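To start, the structure itself, in structure tokens.
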Amino acid sequence: MFTRNILSVVLAAGLLAACSGGNGGASGNQAASAAPSAAASVDTSKTYIVATDASYAPMEYMENNAVVGFSHDILDAAAKTQNVKLNFVNTPFDGLFANISKGDSDIGLASITINDERKQQLDFSDPYFAATQMIVFNDNNKEKIKSFADLKERSASVQSGTSGDLILQKLQGADSQKIKRFENMPLAFKELENSGVDAVVGDSGVIAYYAKQHPDAKLTMILDPSFIKEEYGFAFRKGRNDGLREAINKGLAQIKSDGTYDKIHVQWFGAPVTSASAPAASAAK
């Protein structure tokens with residue numbers, strides 16, 4: 001069952017040096033020199049398109065035909081401090097990185113973990129949230145699943161292409177038939193509800209929120225010591241949107257200093273940010 005103790009563990013899971021979730025290649029300065037006109041400044045008369053996989057409650061999801069959630073509120077608040085206008089567009093996660101790289105969207109928002117591989121393809125904002133992976137399963141499996149290693153021979157559902165998918169591949173092998181991949185987390189959870197898998201692996205905030213919303217489901221959650229800490233960042237086209245990225249970074253710094261970030265955190269997670277749960281202030285690059 002979901003408890004406040006579990007949520008406290010989730011919120012304290014962070015303590016990261018930089019939010020993981022983007023590819024790295026040439027540095028931002030090198031990219032900017034290659035395209036100075038594109039990186040010069042932010043256009044406050046323009047409405048920037050934000051591509052978001054709105055299926056990841058409570059981070060970003062659809063409600064009344066609009067994108068809502070913690071990540072949405074953080075980016076929106078940061079942008080408003082810099083007079084930057086945004087239009088949030090629901091975009092499947094599988095094509096989101098390509099969408100940004102082609103310039104079809106200006107910002108990617110999808111609880112994206114910043115990592116070295118993704119930083120080769122995209123630029124990232126400063127970290128805005130700290131997380132880790134988590135396992136959730138029905139109580140009837142709690143004597144059989146006590147750690148991540150216990151999933152080696154068991155079936156588990158994930159959202160395709162996410163960190164949960166990647167760590168399961170490392171455990172079971174990329175071609176494992178026991179890994180069931182879905183387009184979004186609601187479908188992955190539904191597979192557990194239908195007894196189609198033994199467990200679900202996903203980001204801690206999303207797993208904890210799901211458990212909180214299903215108090216009668218008799219669920220057990222595990223934060224395995226082997227799970228690395230991750231941080232989320234907003235994604236930008238490589239070397240082409242430095243002015244916009246810098247504006248968002250300034251906005252993030254401002255809402256963290258003026259208390260807006262804390263208010264949004266309490267709204268979505270019911271607890272203030274602690275030094276352990278807050279993302280590091282240094283740039284993800």
Side-chain angles (χ1 to χ4, degrees), residues 1-3 6-7 10 51-72 88-96 109-113 131-148 150-224 227 230 232 268-269:
M1 299 285 287
F2 178 88
T3 67
I6 285 290
L7 180 57
V10 172
T52 176
D53 174 29
S55 62
Y56 222 57
M59 305 308 292
E60 55 273 342
Y61 63 103
M62 298 297 296
E63 186 174 272
N64 298 324
N65 296 317
V67 178
V68 298
F70 175 81
S71 298
H72 166 276
F88 294 82
V89 179
N90 194 6
T91 306
F93 186 78
D94 280 348
L96 193 139
L109 179 156
S111 298
I112 305 171
T113 299
T132 186
Q133 292 302 292
M134 181 179 270
I135 308 166
V136 62
F137 48 88
N138 296 321
D139 277 1
N140 56 11
N141 270 323
K142 64 183 179 181
E143 295 304 318
K144 302 172 184 176
I145 304 174
K146 296 184 179 297
S147 70
F148 181 57
D150 292 332
L151 292 184
K152 185 172 179 61
E153 302 299 332
R154 295 189 174 276
S155 60
S157 58
V158 295
Q159 181 173 356
S160 179
T162 60
S163 296
D165 186 1
L166 297 178
I167 64 172
L168 269 174
Q169 289 184 48
K170 290 180 180 179
L171 179 69
Q172 297 187 0
D175 298 325
S176 173
Q177 299 300 305
K178 296 182 183 298
I179 304 173
K180 295 192 177 182
R181 299 178 177 88
F182 294 89
E183 182 181 352
N184 55 56
M185 285 303 291
L187 292 176
F189 289 134
K190 182 62 67 175
E191 189 71 3
L192 178 66
E193 293 169 14
N194 294 336
S195 301
V197 291
D198 296 315
V200 176
V201 180
D203 287 10
S204 53
V206 176
I207 295 286
Y209 183 80
Y210 168 77
K212 183 178 181 180
Q213 299 303 306
H214 297 79
D216 298 326
K218 297 182 179 179
L219 299 170
T220 296
M221 292 175 286
I222 291 178
L223 283 172
D224 193 274
F227 293 158
E230 305 170 2
Y232 299 160
W268 287 102
F269 299 105

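Only this structure's heavy atoms are used, side chains among them; waters, hydrogens and symmetry mates stay out. Note that this is a predicted model, so its numbers are computed, not measured.
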*Report the distance from atom CD1 of Ile167 to atom CD of Gln172, rounding to the nearest 0.5 Å.*
10.5 Å
*Backbone of Gly164 reached by a side-chain donor or acceptor of Gln133 within 3.5 Å*: yes
*For Tyr61 and Gly69, work out which heavy atoms get closest and say how close.*
CE2-CA, 4.2 Å
*With a cut-off of 6.0 Å (strictly less than), are more than 12 heavy atoms of other residues, nucleotides or ligands near CG of Asn194?*
yes
*At what distance, to the nearest 0.5 angstrom, does CG of Asp94 lie from OG1 of Thr162?*
10.0 Å
*Identify the heavy atoms of Ala156 and Val197 that sit nearest to each other, and give their distance.*
C-CG1, 3.9 Å
*Any side-chain heavy atom of Ser176 within less than 4.5 Å of one from Leu168?*
no
*Any donor-acceptor N/O pair, Asn90 side chain to Ala54 backbone, under 3.5 Å*: yes
*asked:* Can you list everything that forms a side-chain hydrogen bond (donor to acceptor under 3.5 Å, both in side chains) with Lys152? Sequence neighbours excluded, please.
replied: none
*Just how far is it from atom CZ of Phe137 to atom CZ of Arg154, taken to the nearest 0.5 Å?*
9.5 Å
*asked:* Could you go through Ile179 and Arg181, starting from their C-alpha distance and side-chain angles, then the distance that decides it, and tell me whether this counts as side-chain contact (heavy atoms from CB on, under 4.5 Å)?
replied: CA-CA 6 Å; Ile179 304 173; Arg181 299 178 177 88; 3.9 Å; yes
*Is a donor on one side and an acceptor on the other found under 3.5 Å between the side chain of Gln159 and the backbone of Ala188?*
no
*Looking only at heavy atoms, which two atoms of Val200 and Leu192 are closest? And how far apart?*
CG2-CB, 3.7 Å
*asked:* Quick one: does any side-chain atom of Asp150 pair with a main-chain N or O of Ser147 as donor and acceptor, under 3.5 Å?
replied: yes
*If every non-hydrogen atom of Glu193 is compared with every non-hydrogen atom of Tyr210, which pair is closest and at what distance?*
OE2-OH, 2.9 Å
_Within the 4.5 Å heavy-atom criterion, are Phe148 and Leu151 side-chain neighbours or not?_
yes
*Between Val89 and Thr52, does a side-chain contact (heavy atoms from CB on, under 4.5 Å) hold up when you go through it step by step?*
CA-CA 6 Å; Val89 179; Thr52 176; over 6 Å; no
*asked:* Could you measure the distance from the CZ atom of Phe189 to the CG atom of Leu219? Nearest 0.5 Å is fine.
replied: 9.5 Å
*Considering non-hydrogen atoms only, spot the tightest contact between Val206 and Pro58 and give its length.*
CA-CD, 4.1 Å
*Any donor and acceptor pair, going by atom type alone, linking the side chain of Thr91 with main-chain N or O of Leu96 inside 3.5 Å?*
no
_Donor-acceptor under 3.5 Å (Glu230 side chain, Thr132 main chain)_ = no
*Non-hydrogen atoms of Asp198 and Ile145 that approach each other most closely*: O-CD1, 4.1 Å
*Would you find a donor on one side and an acceptor on the other, under 3.5 Å apart, between the side chain of Lys180 and the backbone of Gly196?*
yes
*Flag yes if more than 12 heavy atoms outside Glu183 fall under 6.0 Å of its CD atom; otherwise flag no.*
no
